[in-house]
Structures are given as C-alpha cells and as structure tokens.
Number of protein chains: 2
Amino acid sequence: MSDVFKALADPTRRQVLERLKAGPKSAGELADGFPVSKPTMSAHFAVLREAGLVTTERQGKSLIYHLNVSVLEEALLGFAGLFGLGSDTPKGDPQ
Amino acid sequence: MSDVFKALADPTRRQVLERLKAGPKSAGELADGFPVSKPTMSAHFAVLREAGLVTTERQGKSLIYHLNVSVLEEALLGFAGLFGLGSDTPKGDPQ
DNA sequence: TAGACAATTAGCTAGTTATCGAATTGTCGT
DNA sequence: ACGACAATTCGATAACTAGCTAATTGTCTA
C-alpha cells in the first residue's frame, strides 16, 4: 500500500500510468517524450513494477509494459472507502 | 496532487488521517500511542498540513487538527476517475 | 511575571531517492 | 558468431526524508 502511494507520488510515474491506460507499450515508447534519460525512466518503471502497478512481458527485443488496474483500484478505492468516499457502501459508518 | 500522494505514502500519516476521521483531535492526542517522538509526529503533521489534508485551529494551549476530506476525495477519486475507476461516469471512455 | 504545559523549530545523523553517463545483458538478423 | 538495437544495471553524486535530543515559542494560571 505504501509502495503504491509512493509510486503515485511522482508526476512522471503518474503520466506513465496514464499513457498505459490506452494499452500496453514498450519501455522505449513509454519513455519517449519525457525530459529525462532512459536509465532514469527505467528506474521509474522499476518502482511501478515493485508496487505491482505494471507487469512486463518480453516481445522480441522489446519489453512490453501492461497496466495492472486492479492494484491501482485496490489502493485508491480501498483507502477512499475507509473515509466513506467513492462508494455506495460505506464501511465504517454504522447505519 | 504529488503532495497528497507523498503524504499518503507513509503508514503513520495514513493512520493519523484515519484517527482524524472520528473527529478533530489535538496534536498531543493524535501523537499518542505512536512509537515515535513528538517532534517526529509534528513533522508528519506538517506534511499533512502542506498537502492540505488537515487544517489546524488553536484552542487554548492545544492545536486542534481537522481532517479535510475534500482534498483527499479530489486526489483519490480524481485520479481513479482517469482510469474509469470508482464512478458510474467514466471520463475517458466514449460510449 | 514566573512556572507549567503544548507544540513546533533547530540542528544533527542515517538511510533513501532521483538523476546522470558508462557499461552490461539479452535478442534478433545476417 | 557478429553487429545492431532495446533496455537494464553499475557507480557516483546531490537532494530529500524520517528520526532523535535540545532549545524555542506561545498560552494559560497562579
């Protein structure tokens, strides 16, 4: 849980996830356009991977990154739920 | 937005927010029971304050902390919404 | 105003994070 | 097996974070 929020705390990493929403992409495509080096992007990918937010699959020379929506959902909505946010079934409020 | 997720990335700070859900509390009450020093807790409070997640109000000798749910909601549900999570009105999906 | 109490700020250390260029690993085509 | 390409790992540095004790600020009460 901490790992997910830590991953989301960086704007570059959030943008990567948003890009991935449109579909799987290679590390190269994913890194393209960001104003930092490839190794730096690779480090960001590693953070996302360790948080479980993305998975990888090799395809020839490329590594394809996939978004793992369920981890994102569990963290965001799970925590929001503790505060009665975002759901019709509040957890903590009796009646 | 980054500030909110950065604040949420620490388990102590998440617990503080959860405690605050039950109602406003003084810094002392809030710090009570955590296995770290008061100054350390004070630093955590500052992070939460700067993220806009809590507000303070002086009451005599005590500083009373209030949870600001709307900031939490905007960050969690706002970002979740980008991925079509947690709402019946998905933003990015045509049809 | 002096003492007591609540909380923060100051100053420090240890560990982590973001960033880079250079070197390495893995895979494909020839 | 070799050269080219995709991506990561290595090694270094600068900036940040969490934690502590000690000192300071602000407020109340006697």
Side-chain angles (χ1 to χ4, degrees), chain A residues 1-20 22-68 71 75 79, chain B residues 1-20 22-68 71 75 79:
Chain A
M1 183 130 199
S2 288
D3 289 342
V4 173
F5 284 123
K6 206 168 291 186
L8 295 180
D10 185 283
T12 298
R13 290 193 289 261
R14 286 199 304 275
Q15 276 179 258
V16 168
L17 292 179
E18 287 183 52
R19 260 188 211 201
L20 237 28
K25 294 204 179 3
S26 73
E29 285 177 285
L30 218 41
D32 218 44
F34 285 98
V36 296
S37 72
K38 292 284 180 76
T40 296
M41 289 305 291
S42 194
H44 282 308
F45 298 156
V47 171
L48 292 170
R49 234 184 293 122
E50 273 148 41
L53 287 163
V54 301
T55 57
T56 56
E57 163 210 9
R58 186 168 273 282
Q59 206 163 97
K61 282 188 271 196
S62 298
L63 256 186
I64 308 298
Y65 279 84
H66 298 254
L67 178 61
N68 189 348
V71 169
F79 191 68
Chain B
M1 183 128 195
S2 288
D3 289 342
V4 173
F5 284 123
K6 207 168 290 187
L8 295 180
D10 185 282
T12 298
R13 289 194 289 261
R14 287 199 302 275
Q15 276 179 260
V16 168
L17 292 179
E18 286 184 51
R19 258 189 213 201
L20 236 29
K25 296 207 178 358
S26 73
E29 285 178 285
L30 217 41
D32 217 44
F34 285 96
V36 296
S37 71
K38 292 285 179 78
T40 295
M41 289 306 290
S42 194
H44 282 308
F45 298 157
V47 172
L48 292 170
R49 235 183 295 121
E50 273 148 42
L53 287 164
V54 300
T55 56
T56 53
E57 162 210 10
R58 188 167 271 284
Q59 207 163 95
K61 281 187 273 195
S62 299
L63 255 186
I64 307 298
Y65 280 84
H66 299 254
L67 178 62
N68 188 348
V71 168
F79 191 68

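Numbered from 1 within each chain, the chains take letters A, B, ... in sequence-line order. What you see below is based on every heavy atom in this structure, not just the backbone, and it leaves out hydrogens, waters and symmetry mates.
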Can you tell me how far [atom2] of [N] sits from [atom1] of [X], to the nearest Å?
{"X": "B:Glu57", "N": "D:dT27", "atom1": "CD", "atom2": "P", "result": "14 Å"}
{"X": "A:Arg58", "N": "C:dT25", "atom1": "CZ", "atom2": "P", "result": "14 Å"}
{"X": "B:Leu63", "N": "D:dC28", "atom1": "CG", "atom2": "C1'", "result": "14 Å"}
{"X": "A:Glu29", "N": "D:dA6", "atom1": "CD", "atom2": "P", "result": "11 Å"}
{"X": "A:His44", "N": "C:dT17", "atom1": "NE2", "atom2": "P", "result": "12 Å"}
{"X": "A:Lys38", "N": "C:dA18", "atom1": "NZ", "atom2": "P", "result": "20 Å"}
{"X": "B:Asp10", "N": "D:dG19", "atom1": "CG", "atom2": "C1'", "result": "11 Å"}
{"X": "A:Gln59", "N": "C:dC28", "atom1": "CD", "atom2": "C1'", "result": "14 Å"}

Are OP1 or OP2 of [N] and a side-chain N or O of [X] less than 4.0 angstrom apart?
{"X": "B:Arg13", "N": "D:dA18", "answer": "yes"}
{"X": "A:Ser62", "N": "D:dA6", "answer": "no"}
{"X": "B:Ser26", "N": "C:dA7", "answer": "yes"}
{"X": "A:Tyr65", "N": "D:dA6", "answer": "no"}

Exercise. Take A:Thr12 and A:Gly60, find for each the nucleotide of DNA chain C with the closest heavy atom, and name the residue whose nucleotide sits nearer the 5' end.
Key: A:Thr12
Quiz item: If you pin A:Lys61 and A:Pro39 to their nearest nucleotides in DNA chain C, which one's is more 5'?
Solution: A:Pro39
Quiz item: With a non-hydrogen cut-off below 4.0 angstrom, is B:Thr40 in contact with a base, only sugar-phosphate, or nothing?
Solution: base
Quiz item: Base, sugar-phosphate alone, or nothing: which one does B:Phe34 contact when heavy atoms must sit under 4.0 Å apart?
Solution: nothing
Exercise. Search all heavy atoms of B:Arg19 against all heavy atoms of B:Glu29 and return the closest pair with its distance.
Key: NH1-O, 3.5 Å
Practice problem: Measure across B:Ala9 and A:Phe5 and return the closest heavy-atom pair with its distance rounded to 0.1 Å. | Solution: CA-CB, 3.7 Å
Quiz item: From B:Phe45 CZ over to B:Thr56 OG1, what is the distance, rounded to the nearest 0.5 angstrom?
Solution: 11.5 Å
Quiz item: If you measure from CZ on A:Phe34 to CE on A:Met41, what distance do you get to the nearest 0.5 Å?
Solution: 4.5 Å
Practice problem: Please say which of B:Leu8, B:Leu48, B:Val54 ends up in a side chain to side chain contact (heavy atoms under 4.5 Å, CB included) with B:Arg13. | Solution: B:Leu48
Quiz prompt | Which residue lies more 5' along DNA chain D, comparing B:Lys6 with A:Ser42 via nearest heavy atoms | solution = A:Ser42
